[in-house]
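Note that the structure is a prediction, hence the values are computed from the model and not measured. Each ligand, and each atom within it, is numbered from 1 in the order the structure gives.
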Amino acid sequence: MELAKRDDVPVELTWDLSLIYPTEEAMLADAQKMKELSLSMEASYKGNLTDAATITHCLDDYQEVYRLITLTANYCDLAVSVDYYNSANQTRNDRINSLISEIFSRLTFIESELSEQSEDVLNEAMQQSDTNRYYLAEILRNKAHRLSPETERAISALSQTFSAPYQIYNMAKLADMKFDSFTVNGKEYPLGYSLFEDNYEYEKDTDIRRSAFSAFSAKIRQYENVTAAAYNAQLQTEKTMATLRGFDSVIDSLLFPQQVSRELYNRQIDLITTRLAPHMRKYARLLKKIHNLDHMTFADLKIAVDPEYDPSVTIEESKQYIEKGLAILGDDYVSMIQEAYKKRWVDFAQNQGKSTGGFCASPYGKGSFILLSWNNRMADVFTLAHELGHAGHFRLCNGAQAILDTEVSSYFVEAPSTMNELLMAHYLLKTNPDKRFRRWVLSCMISNTYYHNFVTHLMEAAYQREVYKLIDAGDSVQAETLSSIMKETLQKFWGDDVEISDDAALTWMRQPHYYMGLYSYTYSAGLTVATQVCKRIETEGQTAVDDWKKVLTAGSTKTPEELAKMAGVDISTDAPLLDTIETIGSIIDEICELTEELGC
Ligand SMILES: [Zn+2]
């Protein structure tokens, strides 16, 4: 089965970008508008940001420019993400991005001049406008790390170049890597990046699954040096920027915008790698036993506990599941779900050159755009519920907050999404008392939700922390270094229960997260909050739901710790994380017990 070309995909499986702009001309008109506005702002405000009233006017204009930038950038970038082979879209995206760099560079005077104002003037400006208050508070917090206006302007003008490593990574992965088919017992199987990650990793036939992994690894290994070079360029840039801005460590500089302490970051990685590992090894042993494997390898970790049971789910059926599963969040939430299907917020299609995995973009005031590849599996229902969690979050916060107050810390951003996965699972558990069904849902919670966020991404985070230690010590990294750090990280976690081969060590090549700062660890942080709030919803009902919605509405007007506290979770201690790890352990224990009872 060869993947379709983008042009051959049925339109109902694609998202509708005309919800952002009806035509390309309309987008270009906004591009022109934002350019002109930035020029007039430069003319009126540059050198004049010395009193509260002028600051307020300037920031009100800035909100408008920022809104237009968000819309034009999303419109162009989303079109590229579904078809990396379309060079016209690439060119258009590059053009918009360089215009945006130009505008941001022109407007760097705002932050520079604001940073030079006295606290009194900034406080007065904060009093004048609710919608500028948190932005100004951030200026104050950032003051010590700001460079001279000329330097800030030069850095900003280079912003597109700073994203080159990520672009190179994506080009190698999504456009250049062409996979040959592989053969098992005389039969030929097609291979591709998403075909491997969405299908073969879950394949129940061990020969096919392991052969696919070897063929996949052999292909990506051909690109290990270019990938390592791109990544090293990213790391060295981050280190240089950290040093310039007065941070001793890249880690501190990347945690600063998240408003998260080093302690919280380290705790997440340390506790999961030590306390969760025994539970996950038990899960690996269970998979080995159920599937009669001679030995357990990295390529076997994603097989389902009960693959025969996995019901196939159509897109239409997914709507029923999700509406019912998330109904607990209220009628307004359900009507958003209906709107998402009806107005084509979701790109379900599988086609050549499409970005892998899933994401949700919510340009201010324009609904949401969800990318995924639909495979008719229950796992896809969970992915969609997850992405709709982001959509639901930003619908509330974009609706209630000014655009500058919607930059939610990445520490919290995966809480609403993983929360929806848990709500879906809890809903399914209530629909059917059958033991095999129960075991299947529980194992979905492990293999999808917790494995993905607490293991896959956390392993990336643990690996990433080791990489930054080298970078902080003044070293650089090559493919060999990265493979050996990844191998050691995985071996430490899985111990003797899972064989970690040289192919498994190449896992560092697979995630785009390394180009997004410290993002990987935040998945488990968000899911920790979600697990605790989900428990509250189970026991307290409506009050907990109401608290949760207030949290979603708060946007970035609160720090992650404050948001968690509003939801009734105190993340200043390790209790929520330890309790979540125990919850995962007890789910695995129950899967083992049910397996004993079912006798298979
Ligand atoms: Zn997410």
Seminar exercise, completed: Residue pairs meeting salt bridge (charged side-chain N to carboxylate O under 4.0 Å, His left out), one or both in residues 504-530, sequence neighbours left out, come to Glu197-Arg510, Glu201-Arg510

For this session: Kindly write out the residues that satisfy side-chain hydrogen bond (donor to acceptor under 3.5 Å, both in side chains) with Ser410, not counting sequence neighbours, or none if the list is empty.
Result: Gln258

For this session: Check whether more than 12 heavy atoms from other residues, nucleotides or ligands sit under 6.0 Å from atom OH of Tyr84, and answer yes or no.
Result: yes

Exercise. Which protein N, O or S atoms sit under 2.8 Å from the Zn ion (ligand 1)?
Worked result: His386 NE2, His390 NE2, Glu414 OE1, Glu414 OE2

For this session: Determine, for Tyr202 and Arg377, whether the Lys NZ or Arg CZ falls below 6.0 Å from the six-membered ring centre while staying within 45 degrees of the axis.
Result: yes

Problem set entry | Presence of salt bridge, Lys565 and Glu561, under 4.0 angstrom | no

Hey, can you pull the donor-acceptor pairs under 3.5 Å for the side chains in residues 566-577, sequence neighbours left out?
| residue | atom | partner | partner atom | Å |
| --- | --- | --- | --- | --- |
| Asp570 | OD1 | Ser572 | N | 3.0 |
| Asp570 | OD1 | Ser572 | OG | 2.7 |
| Asp570 | OD2 | Ser572 | OG | 3.4 |
| Thr573 | OG1 | Ala575 | N | 3.2 |

